[in-house]
Amino acid sequence: MMAKQGAQQRLDGMRNQYGTNYREDFLVGHGKAGPTDALSRQRVRIGHRRMTHEELQSFYAANQFVQNIIDIPAEDLTRNWITLKMKDEKLKHMIMRKLRELNSKEVFTDMRRYERLHGDGFVAIGANQSASFKLGDPLKPEQLRRIDYLHAFSSYKVGSFQVNEDMFSPTYGQVEMFQVNRRSQLGTQIAGTDDGYVHRSRLFHDQTRRLESDLQGQSVIEPMYDVLTVFDTALWSVGQILYDYTFKRYKTPGVEALSKEEKQEFAMLSDFMFRTEALAVIGENEDIDKVTTNTSGIKDLLDFVWEALAGASKMPKSVIKGQESGTIAGAQYDVLNYYSRIAAAQETELRPHLERLIRYLLICSDDIGGRMDPEKVEWELVFNPLWNVDQETDAKIRKMNAESDSMYIASGVLDPDQVREQRFPQYESSESELSTDSMSEEEMREFMKAARNRFEE
């Protein structure tokens, strides 16, 4: 009787903060949308994790997949570089040679890499001018003599952004000045650096993600922090499973009577003897078997983690894993979409910087043949194609095109000359991986002759 009363008292005492009796609450279910509903207690995390530049660098240095997410899009942005179309071939070669001397391809790659890691990427323009100047003064193109160097750096070197807040100014909302830290490793200020302010015209500034309330850009790592944490946890967990994937279990009487030291010595000897798949000789009352970790369902969990990482980074899994750059196999539409996104970034984000650099080179009085007006020189900057299909897919495409062309010719829709013009413009297939840029005139004629013979056969 006393036990029954005690149980009733404990049950009556189980009340939550709202005063609901546990038994009553249990009888009405889990309390949908109430205080006991686990789902309703979940909340979306508000605000993003702020990471210092040191934390970002440590995160990048410690994880190869983070490096792939940062580096691969930056490398793809400039991987196949550009083609400069000009009537003046001599001037074209001089400009391309100057771009190589400035290491412009590598510099703009680093600029985008810094932008993805730190939120902002910069390139310092080593302008040599005919008149003295301060870095805080706007760059005057008419005073340019030559461009001596290009140096990439991140917002790690930038202390503050000076924004134009005059709403009646044509540059309203734009950064006018950057306060750049130009101290040496010894901590001393470099001579002649004034107050450290640099005018925006003396820099190339790359910034693609910025919150409205912030001046500096946002690193791609910050919004991905939770996904990267889950990915790192999954990687560690798989490692633990592989380490203990299989172990042996040994049953023998009298283990309880062994001392601590004897158990330790016995375990060490058994681990040494049964580390490989060896024959075990045991007694009648002893038993040994092998226990394997059950990995059922782990593939689905890992696929979820990979999909979350790919979605957060806007990169296909195959690209994050390091697929050969620029190669697309059949039906890899996600990879094709990725390269289309890179191509769009080239046009909207990289093109303005490159065109501005080429204009500066044309204006320079002591570079590439003297001062020229960029508006009077006929030139066009074209980005080279980012991708091509693999050999197997390319062969299938060519076969289907050949079959289609044969049907068109047989039905009279097209004649052979029209098909030749479409498939082999200037006797060079746009669908082929073959490049004729380095061919001599004699080699080009032989190539055209062979292509015509193969088509007519």
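Both backbone and side-chain heavy atoms feed into the values below; hydrogens, waters and symmetry mates do not. Remember, it's a predicted structure, so these values are computed and weren't measured experimentally.
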Shortest non-hydrogen contact from [X] toward [Y]:
X      : Y      : result
Leu203 : Arg356 : O-NH1, 3.0 Å
Gly159 : Gln216 : O-NE2, 4.5 Å
Ala127 : Phe133 : O-CZ, 3.8 Å
Leu77  : Gln346 : O-NE2, 2.7 Å
Ser313 : Ile320 : OG-CD1, 3.4 Å
Leu361 : Ile368 : O-CD1, 3.2 Å

Side chains of [X] and [Y] in contact at under 4.5 Å (non-hydrogen atoms):
X      : Y      : result
Asp367 : Arg145 : no
Val413 : Met407 : no
Arg116 : Tyr60  : no
Tyr225 : Leu228 : no
Gln418 : Ile409 : no
Leu150 : Leu357 : yes
Asp366 : Asn128 : no
Val230 : Leu309 : no

Contacts of Asn103 that satisfy side-chain hydrogen bond (donor to acceptor under 3.5 Å, both in side chains) - sequence neighbours left out:
none

If we ignore hydrogens and angles and just use 3.5 Å, is the side chain of [X] paired with the main-chain N or O of [Y] as donor and acceptor?
X      : Y      : result
Thr109 : Thr78  : no
Arg209 : Gln218 : yes
Asp137 : Lys134 : yes
Asn80  : Asn384 : no
Arg371 : Cys364 : no
Glu222 : Arg50  : no
Arg351 : Leu381 : yes

Can you list everything that forms a side-chain contact (heavy atoms from CB on, under 4.5 Å) with Val319? Sequence neighbours excluded, please.
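Applying side-chain contact (heavy atoms from CB on, under 4.5 Å) to Val319 gives Ile72, Met315, Pro316, Val335, Tyr338.
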
side-chain contact (heavy atoms from CB on, under 4.5 Å) involving Lys157 - partner list, sequence neighbours excluded
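With sequence neighbours excluded, Lys157 shows a side-chain contact (heavy atoms from CB on, under 4.5 Å) to Phe153, given in chain and number order.
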
Under 4.0 Å between a side-chain nitrogen and a carboxylate oxygen: does that hold for [X] and [Y]?
X      : Y      : answer
Glu176 : Arg200 : yes
Arg113 : Asp71  : yes
Glu75  : Arg79  : no
Asp88  : Lys92  : no
Glu307 : Lys317 : yes

Answer yes if the ring centres of Phe161 and Phe178 are under 6.0 angstrom apart, and no otherwise.
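Under 6.0 Å, so yes.
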
Taking the ring centre of each residue, are Tyr114 and Tyr156 less than 6.0 Å apart?
no

Between [atom1] of [X] and [atom2] of [Y], what distance do you get to the nearest 0.5 Å?
X      : Y      : atom1 : atom2 : result
Ile125 : Leu102 : CD1   : CG    : 10.5 Å
His53  : Ser219 : NE2   : OG    : 9.5 Å
Asp373 : Leu362 : CG    : CG    : 9.0 Å
Ser365 : Met372 : OG    : CE    : 11.0 Å
Leu242 : Ser237 : CG    : OG    : 11.0 Å
Leu215 : Gln162 : CG    : CD    : 9.5 Å

With Val175, which of Val163, Val158, Asn164 fulfils side-chain contact (heavy atoms from CB on, under 4.5 Å)?
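By the side-chain contact (heavy atoms from CB on, under 4.5 Å) criterion, Val175 pairs with just one of Val163, Val158, Asn164: Val163.
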
My understanding is that only one of His151, His205, Glu115, Met111 makes a side-chain contact (heavy atoms from CB on, under 4.5 Å) with Phe122; could you say which?
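Output: one option passes, namely His205.
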
side-chain contact (heavy atoms from CB on, under 4.5 Å) evaluation trace for Thr233 with Val305:
CA-CA 10 Å; Thr233 302; Val305 175; over 6 Å; no

Set out, in order, the CA-CA distance, both residues' side-chain angles and the distance that settles side-chain contact (heavy atoms from CB on, under 4.5 Å) for Ile82 and Leu99, then state yes or no.
CA-CA 11 Å; Ile82 61 172; Leu99 292 177; 4.2 Å; yes

With under 30° as parallel and over 60° as perpendicular, where do the rings of Phe108 and His353 fit, or are they tilted in between?
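Answer is parallel, since the angle falls under 30°.
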
Are there more than 12 heavy atoms of other residues, nucleotides or ligands under 6.0 Å from atom [atom1] of [X]?
X      : atom1 : result
Gln64  : CD    : yes
Phe383 : CZ    : yes
Lys140 : NZ    : no

Donor-acceptor side-chain pairing of Asp120 and Gln207 below 3.5 angstrom
yes

Yes or no on side-chain contact (heavy atoms from CB on, under 4.5 Å) for Ile95 and Trp379, after CA distance, side-chain angles and deciding distance?
CA-CA 11 Å; Ile95 293 176; Trp379 61 281; over 6 Å; no

Pair Leu135-Val180, side-chain contact (heavy atoms from CB on, under 4.5 Å): steps then yes or no
CA-CA 10 Å; Leu135 293 178; Val180 180; over 6 Å; no

